[in-house]
Amino acid sequence: MNDEQDRLMDLFNEARAKGSDAERSAYLDAECSGDAALRRQVEALLEAHTRLGDFLKPPGDEALPSEGPGTVIGSYKLLEPIGEGGFGVVFMAEQLQPIHRKVAVKVIKPGMDTKQVIARFEAERQALALLEHPNIAKILDAGATESGRPYMVMELVHGVPITQFCDANDLTTEERLKLFLTVCEAVQHAHQKGIIHRDLKPSNILVTLHDCKPVPKVIDFGTAKALQQPLTEKTLFTAYGKLIGTPTYMSPEQAELSGLDVDTRADIYALGVLLYELLTGTTPFEAERLRSAAFDDMMRIIRQEEPPKPSTRVSTLGKRGIEVARRRQLDVVMLRRMLRGGSGLDRDEGAGERPRAALRDGQLAAAGHLAPPRTPSGGGWSAGADVPDAEVRVAAPDGGGAGRERDAGAGGGIDRLADRLS
Amino acid sequence: MSEVTRILDSIAQGDRKAAEELLPIVYEELRRLAAQKLSREKPGQTLQATALVHEAWLRLVDESFRYSSSRQFFLVAAEAMRRILVENARRKQSLKHGGHLQRVDAAHVEIVCPLPDDQLLMVDEALDRLATANPRAAEVVKLRFFAGLTEAQVAEHQGVSVATVQRTWVFARTWLFTEIQRDQNSAAGVSGNPPKSRI
């Protein structure tokens, strides 16, 4: 690109961003002094820009939400964007009435059926109102903006995703498990009230500090259901690359396109993936691999593939994996078997029998047996070999058979795990 | 490894001529896909250009290469789709201007283009001028408009921020808009008609 074009583009964009004609004019006076030709060019572009309309917009392209900082929606004044997801943009906002406070407002992108989204939200509203848990961000309100987009208002949480928090603060395995337990309790609370999250993932579990103590908070409860739309092949094309947000945390039954409703086990599965990630620093299926797979392949991987054991996964990470294992004193033999739900498939009859029995024995969704780490002998660990004998056992939620173990619920193994940790 | 994957690999290794090899393959695949779809769809159905490009991508590129080589593929596919749309527009125009009425064969499929034919042809010419003056801006237009990539995807391809893509995209659209307007005005001037203002 030549300099002249560069300059023209900068001037055009800067001038466009000015709030008033006077400001714009003053800006151009200063920038283009002595170069009348350049100024004419910029002004011609600025004039054309006002009549641009949808010129060259790809079909089905989502315009950026016209709601932005300063916009007042209902009794909320948008302040600044704090996050963006597949479904919309989240703003920090000021609630003006009946009380003055800061909240988070999620403005849904166009393309969703506003009426249906709001209807589904209304249907769940009663249940959402019953959610009273210190580790669940409250959903406060919902409605439609002037331009017809649905929006939802939530308690504002200042925090960072749980995985990021753990890594940034270099938490030990035990500290990680403690945080994880709190999350399980929150999810269990919601399940007991009949509410499923459906989109649990690190970016929906934020950790904040209260009096120097880390407190996880699950956000977005109830919004996923309202936004749920059937996945069809069409979704692949209209939203390629972000078609279902986060396949990494999607349970096998969600990957069935049969349209069967998901239940609490979907959340348990996602919690299992989260646990896996908290302990190994990586998810069972590589996000990159799922992202680059064709739609059908991706669904097949989630439904049929056996995720690698955490120890295997850690060892395939090479140096980084060893580092992770050492630093966290992580001696994981098993965190296993996020088995395929529903189909009764169980291909782990042999070697897996004992651990599975242990698992059933505890009726665990998440079970841990912690013991002091063993120092590897013989000059350290070599990449590619399994992490040696271990006394830490952490079981991931299990959807095996008819999902009997995951049936135990988010809280099933909490007591036992908590005992070990206290 | 599919042929397309192999060529993409050569492009990644720096073989510039490989891109020329790729264009006709992608072009044919897009036309074939369109014809195939059209024969299956109910009459009156139309095809989205960008959906076709994505389908060709899924069909032609091996899964394990999709991520690393998508930039080259989409640039070539955008170019191929541009040619198909331009050919369609030219053909329709010649039919309209007293050309012979023929049954349109299956390869001449109706692919939805969000621009009227005459404007598409002008954009096509102006885009060449933009490619000379500002190659990066032209690339954004190709990837967004002909290949249907999102701003975020283009940002990833070009290794710049989404904000930069947005700025470039608005600039490029506006730039092309002024060029086309000038073309229309000068065409109107020659034929003595009052200037049109219909974009």
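A, B, ... follow the sequence lines: proteins, then strands. Residue 1 opens every chain. Just so you know, these numbers come straight off a predicted model, no measurement behind them.
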Residue part contacting chain A, namely of B/L120, when any heavy atom lies under 4.5 Å:
neither

Is the backbone N or O of A/F55 less than 3.5 Å from a side-chain atom of B/R173, with the two atoms forming a donor-acceptor pair by type?
yes

side-chain contact (heavy atoms from CB on, under 4.5 Å) test vs A/L56 passes for just one of B/L115, B/T174, B/L127, namely B/L115

Toward chain B, the part of A/L8 with a non-hydrogen atom under 4.5 Å
both

Contact class of B/V53 relative to chain A, heavy atoms under 4.5 angstrom
neither

Rounded to the nearest 0.5 Å, what separates atom CG in A/L46 from atom OG1 in B/T178?
11.0 Å

For B/W175, the option from A/Q5, A/Q41, A/M9 that meets side-chain contact (heavy atoms from CB on, under 4.5 Å):
A/Q5

